[in-house]
Every structure is written in structure tokens, then in C-alpha cells.
2 protein chains.
Amino acid sequence: MKLSANEEYGLRCLVRIGYAGEGGSLTIPEMSQAEGVSPAYAAKILRVLRKGGFVKAARGKDGGYTLARPAEAIVIGDVMDALGGRIFESSFCDSHSGQAAICTRSVDCSVRSLWRAVQVAVDQVLSKATLRDLLQNEEEMNTWVRTIPGARGLHVIQ
Amino acid sequence: MKLSANEEYGLRCLVRIGYAGEGGSLTIPEMSQAEGVSPAYAAKILRVLRKGGFVKAARGKDGGYTLARPAEAIVIGDVMDALGGRIFESSFCDSHSGQAAICTRSVDCSVRSLWRAVQVAVDQVLSKATLRDLLQNEEEMNTWVRTIPGARGLHVIQ
DNA sequence: AGTAATCTTGACTATAAAGTATAGATTGGC
DNA sequence: GCCAATCTATACTTTATAGTCAAGATTACT
Ligand code: FES
Ligand code: FES
């Protein structure tokens with residue numbers, strides 16, 4: 001249950017583009033320098049964001065990447081799904097079943113129930129966060145986090 | 001942000017041992033058959049659980065694995081940490097920083113704040129679940145999930 | 001048309017995670 | 001003591017993820 005490199009860099013890149021503002025754009029070399037990754041890798045990450053419909057690309061001179069919609073219309077949960085998939089998917093128990101066709105307890109599995117609960121807990125945060133929220137500074141973001149319904153206590157490690 | 005194979009099989013194996021009850025034990029071949037994985041792989045997983053202090057192993061004839069403590073004293077969050085690490089650790093931003101020494105925004109990073117919020121949301125579920133809870137059937141587990149403070153609405157996808 | 005800046009694509013390599021194989025150590029029963 | 005059943009440790013192979021490379025396509029400007 002770790003963040004993948006795709007998720008980490010993908011979200012950071014999207015935030016950078018968001019910072020460029022309405023109509024502003026960022027090129028691959030700029031992104032590469034801003035995040036400290038190779039241009040080729042930045043290109044690969046930006047491709048995922050483009051295919052997910054979060055950014056638009058313009059080619060040629062004066063080209064670059066731009067948000068496909070206003071920042072407040074980009075839900076971070078959707079971005080994360082595009083970048084790295086979900087913790088619990090219905091297909092999960094099929095693909096982690098060893099030699100058996102499915103989890104040997106699939107008709108009545110308390111573990112599955114726990115995974116679902118974890119997934120929902122994560123979704124509660126990610127489905128309420130938009131790119132607009134991430135364009136704030138860290139302190140404002142911390143304040144925002146505490147407003148998530150059902151997430152009282154989230155300040156404990158801030 | 002996916003479950004690793006270690007986490008999935010590790011938790012399932014622990015539940016199996018829990019089912020064996022107080023003093024009951026399970027051998028590697030039994031575990032292998034129960035979960036449909038190879039004996040060698042079951043051994044590898046059980047080693048992690050043993051090193052984490054969740055199970056005890058007895059060698060030789062009549063040997064096998066037993067819970068190291070009562071099921072209610074085994075917190076699932078601790079088990080998950082041993083099996084697969086955490087989503088957000090302080091070292092994370094150091095190791096995903098491209099060529100830069102740290103995230104180029106590390107003094108004021110809203111992304112980091114979001115990761116923390118996700119980690120806390122997950123912890124709210126996993127720190128309250130003990131192995132005892134997982135020894136129930138799925139329906140009882142679903143009921144239990146709804147009792148997590150701050151997790152109202154967790155039933156939406158049940 | 002020519003050129004430089006830009007994105008696009010697919011193949012490639014490197015590294016980490018998943019899963020297997022093998023030799024060794026411990027225990028209980030005969 | 002010997003043997004069979006069991007766990008233990010390490011090295012190995014396979015597969016997935018991370019990251020690089022090189023050739024090509026598009027655009028703006030002159
Ligand atoms: S059905 Fe997926 S872990 Fe049991
Ligand atoms: S400090 Fe880790 S993402 Fe910015």
C-alpha cells in the first residue's frame with residue numbers, strides 16, 4: 001500500500017501546470033527542471049495525465065501543457081485512479097488467489113470487507129479534494145483537510 | 001496505492017492461524033493448501049509475520065505456526081506496516097525527488113499534506129481493527145466497520 | 001521551404017517485487 | 001542413532017514497475 005512513482009510525480013506535475021494558471025502552459029523541459037526528473041520521464045508522466053483527460057498538449061513552437069478544465073473541476077481521486085489504480089477493485093481477489101480460481105473464502109471473506117473499508121476511507125479524502133485545493137500552500141491545505149466530513153482527528157500528525 | 005502481494009497473502013495467512021484458535025497451529029503445507037500458494041511462498045510470507053512478532057513458529061514434528069498473542073492484541077495496522085510499509089513516510093519525499101535532494105517544494109508542499117491526510121484516513125481504519133475483528137464472518141465485519149468513529153458513510157459500497 | 005522548439009510513440013534497459021529452489025537446522029518418535 | 005516432519009535461510013528466476021533512448025510528427029516563425 002505504497003504510492004507509486006507514477007502517482008507521486010504525476011500529481012506533482014499536475015500541480016505545476018495548475019500553478020501556471022488559466023491559459024498558462026509548461027513545457028517538458030520546464031517540467032523536467034521543476035521536478036528534477038529527466039525530460040523523457042516527465043514526458044512519460046505527462047502522457048498519462050493527457051490520456052486521462054486532465055491536461056491538454058499543444059505541439060510545436062510555443063507549445064506545452066495546459067489544464068484541460070478549471071482546477072476546481074479536477075478531482076484528485078480521478079487523477080489518482082488514472083495514475084495508479086485503486087487499492088481494492090473487484091478483480092483484486094481474482095488475481096491474488098494463488099492456484100485457486102478465487103480467494104478460497106470468497107463467499108464470506110472478512111478480509112475483503114476490510115479492504116473495502118480502507119478504500120472508502122481513502123476515497124473520502126481523495127474524492128473531496130480538487131486540484132484547486134492543492135494550489136494552496138501547505139498550511140491552507142492542512143486547514144482544508146480538517147474540513148473533510150468524517151475526518152475529524154486528521155490533524156493529529158500535522 | 002495498491003495492496004502488495006505480501007500484504008494480501010500475509011493478512012490472509014494470519015487470519016488462518018487465528019482461526020486455528022488458542023494453542024492451535026498450522027503448518028506450511030496446510031497453509032499452502034488453504035491459500036492456494038506454493039509451500040515455499042507460504043514459508044516466505046510466514047517468515048515476515050514471525051519476524052514481525054505476530055506468530056510463533058515451532059520446529060520439528062508436530063511443529064507449526066501459532067499466534068504470538070491473543071487475536072484481540074494484534075492490531076491490523078501493525079501487521080500491515082510489517083508486511084508492506086506505509087503510504088506516507090517522512091523519508092518518502094527524499095526518495096522521490098528526482099535529481100534534487102528533496103522535493104523541490106519541500107518547505108511548503110500541499111501534496112505532502114494530502115498524502116498525510118490519506119495516511120491518517122487509512123490509519124483510522126487499520127489502527128482500530130484487530131485480528132479478532134477479522135475472525136468474524138463478512139457480514140459481522142461489515143457491521144463492525146460502520147462503528148469506526150469518523151467513518152460514517154463507509155457502508156455506501158457494501 | 002527551412003529551421004528550431006515542441007510533443008508522441010514504441011522499444012529498450014535497470015531496478016524492485018513476486019515467486020521458486022535448495023540446502024540446512026530442529027524436534028519428536030522409534 | 002536414525003528418520004521423517006517440520007521450520008529457516010539464502011540464492012535464484014520471473015515478472016512488473018521505473019526510467020531512458022531514439023526516431024518521428026506538429027507548429028510557429030522567417
Ligand atoms: S475474497 Fe478477496 S481476500 Fe478473500
Ligand atoms: S515535500 Fe513530498 S511531495 Fe512535496
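Letters A, B, ... mirror the listed sequences (proteins, then strands); counts begin at 1.
- The interatomic distance linking A:E30 (CD) with C:dC7 (C1') rounds to 13 Å, in whole Å.
- Residue A:Y41 places no side-chain N or O under 4.0 Å from the OP1 or OP2 atom of C:dT13.
- As rounded to whole Å, 15 Å separates atom P of D:dT17 from atom CD1 of A:I45.
- Proximity of a side-chain donor or acceptor of A:T130 to a complementary backbone N or O of A:V75 within less than 3.5 Å is not detected.
- For the pair A:I28 CD1 and D:dT27 C1', the interatomic distance rounds to 15 Å; values are reported in whole Å.
- By the neighbour-count criterion of 12 heavy atoms within 6.0 Å, atom CD of B:Q33 is sparsely surrounded, having that number or fewer from other residues, nucleotides or ligands.
- Summarising the geometry, the separation between OH on A:Y65 and C1' on C:dT6 is reported as 9 Å, rounded to the nearest angstrom.
- Position along DNA chain C of the nearest nucleotide to A:D62 versus A:K44 favours A:D62 as the more 5'-ward residue.
- B:R12 places no side-chain N or O within donor-acceptor distance of the main-chain N or O of B:E35, the cut-off being under 3.5 Å.
- Of the residues near DNA chain D, A:P39 and A:A58, the one whose nearest nucleotide (by heavy atom distance) lies more toward the 5' end is A:P39.
- With respect to B:E7 and A:K2, no salt bridge is recorded, no charged nitrogen being found less than 4.0 Å from a carboxylate O.
- Contact between the side-chain N/O atoms of A:S4 and the OP1/OP2 oxygens of D:dT17 is not found at any separation under 4.0 Å.
- Between A:L26 atom CG and C:dC7 atom C1' there is a gap of 14 Å when expressed in whole angstrom units.
- Put simply, B:R59 has no side-chain N or O that comes within less than 4.0 Å of OP1 or OP2 on C:dG28.
- Distance B:K56 NZ to C:dT27 P: 15 Å, rounded to the nearest Å.
- Looking at heavy-atom distances under 4.0 Å, A:A57 makes contact with sugar-phosphate atoms alone, never a base.
- With rounding to whole Å, B:L3 atom CG is found 17 Å from D:dT17 atom C1'.
- The distance between atom CD of A:E35 and atom P of D:dG19, rounded to the nearest whole Å, is 13 Å.
- Look at B:R50 and you won't find any side-chain N or O under 4.0 angstrom from OP1 or OP2 of D:dC7.
- Scanning atom types as modelled, no donor and acceptor separated by under 3.5 angstrom connect the side chain of B:K61 and the base of C:dG29.
- Distances were taken from every side-chain heavy atom of A:T27 (C-beta onward) to each of D:dT8, C:dT6, C:dT20; the shortest belongs to C:dT6.
- Within the nucleic acid shown, B:R47 comes within 4.0 Å of at least one base atom, counting heavy atoms only.
- Look at A:D123 and A:R86 and you find a salt bridge, because one of the NZ, NE, NH1 or NH2 atoms lies within 4.0 Å of a carboxylate O, short of that distance.
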